[in-house]
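The structure appears below as structure tokens.
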Amino acid sequence: MFELLGVPPQVLLGQLLLGLINGSFYAVLSLGLAVIFGLLNIINFAHGALYMAGAFVAWMLLHYLGIGYWPALFLAPLIVGAFGIVLERTMLSRLYHLDHLYGLLLTFGLALIIQGLFRNYYGISGLPYQIPDLLSGGHNLGFMFLPNYRAWVVAASVLVCFGTWFMIEKTRLGAYLRAATENPVLVGAFGVNVPLMIMLTYGFGVALAGFAGVLAAPIYSVNPTMGEQLIIVVFAVVVIGGMGSIMGAIVTGYMLGIIEGLTRVFYPEGSAVVIFVIMAIVLMIKPEGLFGRPA
Amino acid sequence: MIRKLAICSAALAAMTGSSALAQDISVKLGVLNDRSGIYADLSGEGSVVAARMAVEDFKAADKGMKVEIISADHQNKPDIGSNIARQWYDVDGVNAILDVPTSSVALAVADITNEKNGVLIDSGAGSTSLTREQCRPTTVHWTYDTAALATGTGAAMTKAGGKKWFFLTADYAFGHSLEENTARVVKDNGGEVVGQVNVPFPAQDFSSFLLQAQGSGADVIGLANAGGDTVNAIKQASEFGITQAGQKMAALLFFVTDVHALGAQTAQGLSLTEAFYWDQNDDTRTWSKRFMDIHGAQPTMVQAGVYSGTMAYLAAVEAVGSADDGKAVVAKMKEMEFNDPLFGTVTVRGDGRAIHDMYLFEVKSPDQSEGEWDLYNQISSITGEEAFLPMLDECDFTKQ
């Protein structure tokens with residue numbers, strides 16, 4: 001089979017692994033989007049900008065305060081998440097009773113503003129951020145050289161994705177959250193503080209974006225446009241997986257990373273659009289997405 | 001009658017001398033570039049600062065010249081750039097347009113400039129078409145072009161033993177042209193191209209493409225892309241151990257602001273070609289210090305080129321005695337020889353190509369580097385005749 005495709009097996013294995021690594025970013029980002037959409041019904045267009053903010057916060061922590069990668073991995077999502085909570089309290093919470101479109105427009109505007117501020121202040125060329133010493137170097141797997149840092153990205157993302165899925169699907173807190181999205185008035189009547197829960201959920205979703213940003217900082221340049229390029233792909237991932245489906249976002253994220261990686265071997269020019277082609281096909285066959293519930 | 005009058009007044013002017021004439025010269029310069037997008041750091045506001053410094057250093061006011069500078073953002077879009085250029089010439093009375101990075105915009109502005117008899121002194125754009133297929137008698141291409149970059153980096157690395165090349169090419173006109181130029185230089189110097197891959201533009205993740213380049217067994221991976229794409233590709237090549245394993249990276253278009261973004265740790269050992277570096281000699285250091293104090297970053301070759309080109313333009317305007325006839329000013333520029341602290345001796349060839357030395361640099365390692373902007377070692381200099389493509393016959397405007 002390998003010979004038929006004209007590509008040696010080690011190249012194919014290498015590309016599969018690289019796809020999995022990219023898929024890790026897609027999964028963490030689309031997971032945040034899915035959590036926010038599933039529980040708040042907000043299409044969070046600011047997600048890419050908040051991912052970028054995560055990378056910048058990590059850089060600022062290092063540059064201004066001398067705080068390195070490992071503490072930043074926890075601190076930056078907390079800071080970005082707190083910023084998300086401020087956004088939710090001051091702006092988004094006023095839109096819940098309106099059409100989806102208003103939330104989309106607001107978050108889109110926010111994304112442009114956040115990006116513009118970073119661009120004005122830090123310029124467009126990007127800023128350097130080194131891979132932490134503990135994870136520099138890599139291992140030769142025979143078919144490819146796997147940098148330690150990329151292996152860590154996959155591990156961290158699997159851990160975070162599993163943890164989030166477990167929390168929402170298997171715990172009591174998750175049960176409250178899911179119930180609150182079905183019927184907020186009833187859940188409120190049981191004594192659950194629904195607005196607080198919604199606020200924390202948005203903060204959590206945004207923190208996931210910030211976390212992905214810190215993960216990305218050492219391998220992509222810390223650049224004001226880094227989120228802009230990614231967000232469209234991630235939206236496609238969420239749509240293919242099924243809007244709001246946690247499992248859908250995770251599985252589709254990894255899967256599409258791999259498909260994209262394979263496209264880069266066989267038809268590199270098409271790798272930028274393959275995800276959208278898949279999105280079109282999925283929407284034609286199963287409009288609610290692969291893991292979505294029929295409306 | 002009018003003609004006689006003109007001859008008389010010209011004779012009168014010649015008698016009274018040019019210093020008296022200069023009293024009446026008013027010049028309006030428009031710096032048109034990217035002020036918000038991917039080229040904002042390497043041109044942008046820094047180019048406006050450079051143009052202002054040129055006017056100051058030319059001592060225009062002492063010579064009785066009134067020079068005004070305006071600026072605008074073309075957003076890297078030819079239609080927006082064209083509209084601004086038209087408005088500048090028709091309504092605002094601009095005499096010359098400076099900088100204009102992004103080749104597609106520069107080519108559009110070059111045509112309008114010719115139509116309106118203005119002057120385009122281009123520093124930021126890379127396309128060789130500006131002085132070849134689409135040369136115009138009102139265009140001067142000052143700082144660099146893709147052929148000069150290819151000659152510098154391509155020839156030097158091939159001669160140094162990098163015989164087998166693999167290209168990662170940004171999949172649009174600029175990338176393909178840079179690849180083509182470089183591939184020719186590589187072959188001319190006894191090298192060969194063992195493969196290439198077209199990378200969708202813009203891209204974040206280059207690991208798949210780098211892996212293909214690694215597998216090709218090439219000595220040199222040529223990056224026919226720019227800006228953030230190049231930064232990401234180099235960063236990831238270092239991460240995947242490609243450079244450590246002995247393959248070399250050639251950044252074919254790379255500016256000092258990009259190297260700064262990457263950091264010496266990752267960029268070390270990289271070869272690149274530039275027309276200017278702030279730390280070349282006392283003159284460039286003194287000037288760059290002034291620039292840094294105003295702008296907060298070291299100048300790129302594009303910004304230095306705006307300074308150098310503006311100085312030359314003003315000298316030509318002074319010699320002609322008026323900025324109104326763009327063709328006459330450019331024709332005068334082609335007769336003159338310029339000398340400024342940044343570019344040294346510069347002449348302008350018949351097709352509008354400014355001829356000056358280019359330099360091959362290598363990025364310092366972190367232990368060699370003494371500060372965040374101490375980034376390059378100069379390897380060699382390339383004369384203008386070597387660096388730029390020969391002139392096409394149809395661009396010799398003096399023949400027409």
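Below, chains carry the letters A, B, ... as their sequence lines are ordered, and counting in each starts from 1.
Per-residue heavy-atom pair counts under 4.5 Å with chain B were compared for A/Ser271, A/Pro268, A/Ala272, A/Gly116, and the maximum is reached by A/Pro268. In terms of non-hydrogen atom pairs under 4.5 Å with chain A, the most contact-rich of B/Val231, B/Ile38, B/Asp205 is B/Asp205. Among B/Ala40, B/Ser207, B/Gly263, B/Gly44, the residue with the largest count of heavy-atom pairs under 4.5 Å with chain A is B/Ser207. Ranked by heavy-atom pairs under 4.5 Å with chain A, the list B/Gln236, B/Gln265, B/His260 is led by B/Gln236.
Residues of residues 219-233 of chain A lying under 4.5 angstrom from chain B, judged on non-hydrogen atoms, are A/Ile219, A/Tyr220, A/Ser221, A/Met226, A/Gln229 in numerical order. At a heavy-atom separation below 4.5 angstrom, chain B is approached by no residue within residues 55-64 of chain A. Along residues 239-253 of chain B, the residues that come nearer than 4.5 angstrom to chain A, judged on non-hydrogen atoms, are B/Glu239, B/Phe240, B/Gly241 in order of number.
A donor-acceptor pair under 3.5 Å is absent between the side-chain atoms of A/Thr252 and the main chain of A/Ile240, judged by distance alone. B/Trp278 contributes a side-chain N or O that, together with a main-chain N or O of B/Trp373, makes up a donor-acceptor pair within less than 3.5 Å. In this structure, the side chain of B/Gln368 engages the main chain of B/Ser365 through a donor-acceptor pair within 3.5 Å.
A donor-acceptor pair shorter than 3.5 Å cannot be found between the side chains of A/Gln130 and A/Tyr69. Inspection of the B/Asn198 and A/Glu269 side chains reveals an N or O donor paired with an N or O acceptor under 3.5 Å. In this model, a donor atom of one side chain and an acceptor atom of the other lie less than 3.5 Å apart for A/Tyr254 and A/Ser157.
Within the 4.5 Å cutoff, side-chain heavy atoms of A/Met52 are placed close to those of A/Ile114. Put simply, the side chain of A/Val282 does not reach to within 4.5 Å of the side chain of A/Met279, judged on heavy atoms.
Within the 4.5 angstrom heavy-atom criterion, only backbone atoms of B/Ala203 (N, CA, C, O) approach chain A. Residue contact with chain A, scored on non-hydrogen atoms closer than 4.5 Å, involves the side chain of B/Leu211 exclusively. For chain A, the nearby parts of B/Ser36 are the backbone and the side chain; heavy atoms of each come within less than 4.5 Å. With a threshold of 4.5 angstrom between heavy atoms, A/Arg119 approaches chain B through side-chain atoms but not through N, CA, C or O. Contact of A/Glu260 with chain B is not made at all, since no heavy-atom distance falls under 4.5 Å.
No salt bridge links B/Lys289 with B/Asp279; every basic N to acidic carboxylate O contact stays at or beyond 4.0 Å.
Of the listed residues (B/Thr182, B/Asp219, B/Val194), just one forms a side chain to side chain contact (heavy atoms under 4.5 Å, CB included) with B/Trp165, and that residue is B/Thr182.
No close placement of the B/Phe255 and B/Phe276 rings is indicated, their centers lying 6.0 Å or farther apart. Aromatic pair A/Phe235/A/Phe45: ring centres closer than 6.0 Å. Ring centroids of B/Phe361 and B/Tyr277 are separated by less than 6.0 Å, placing the two rings close together.
Looking at every heavy atom in both residues, B/Leu98 comes nearest to B/Ala51 through CD1-CB, 4.1 Å.
For CG of A/Asp133, the number of neighbouring non-hydrogen atoms (other residues, nucleotides, ligands) closer than 6.0 Å is 12 at most.
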Begin from the C-alpha positions of A/Gln15 and B/Ser208 and carry the test side chain to side chain donor-acceptor pair (under 3.5 Å) through to its verdict.
CA-CA 6 Å; A/Gln15 298 296 348; B/Ser208 300; 2.8 Å; yes
Could you give the side-chain donor-acceptor pairs of residues 166-173 of chain B under 3.5 Å, partners two or more places apart or in another chain?
residue, atom, partner, partner atom, Å
B/Thr169, OG1, B/Glu179, OE1, 2.6
B/Asp171, OD1, B/His176, NE2, 2.9

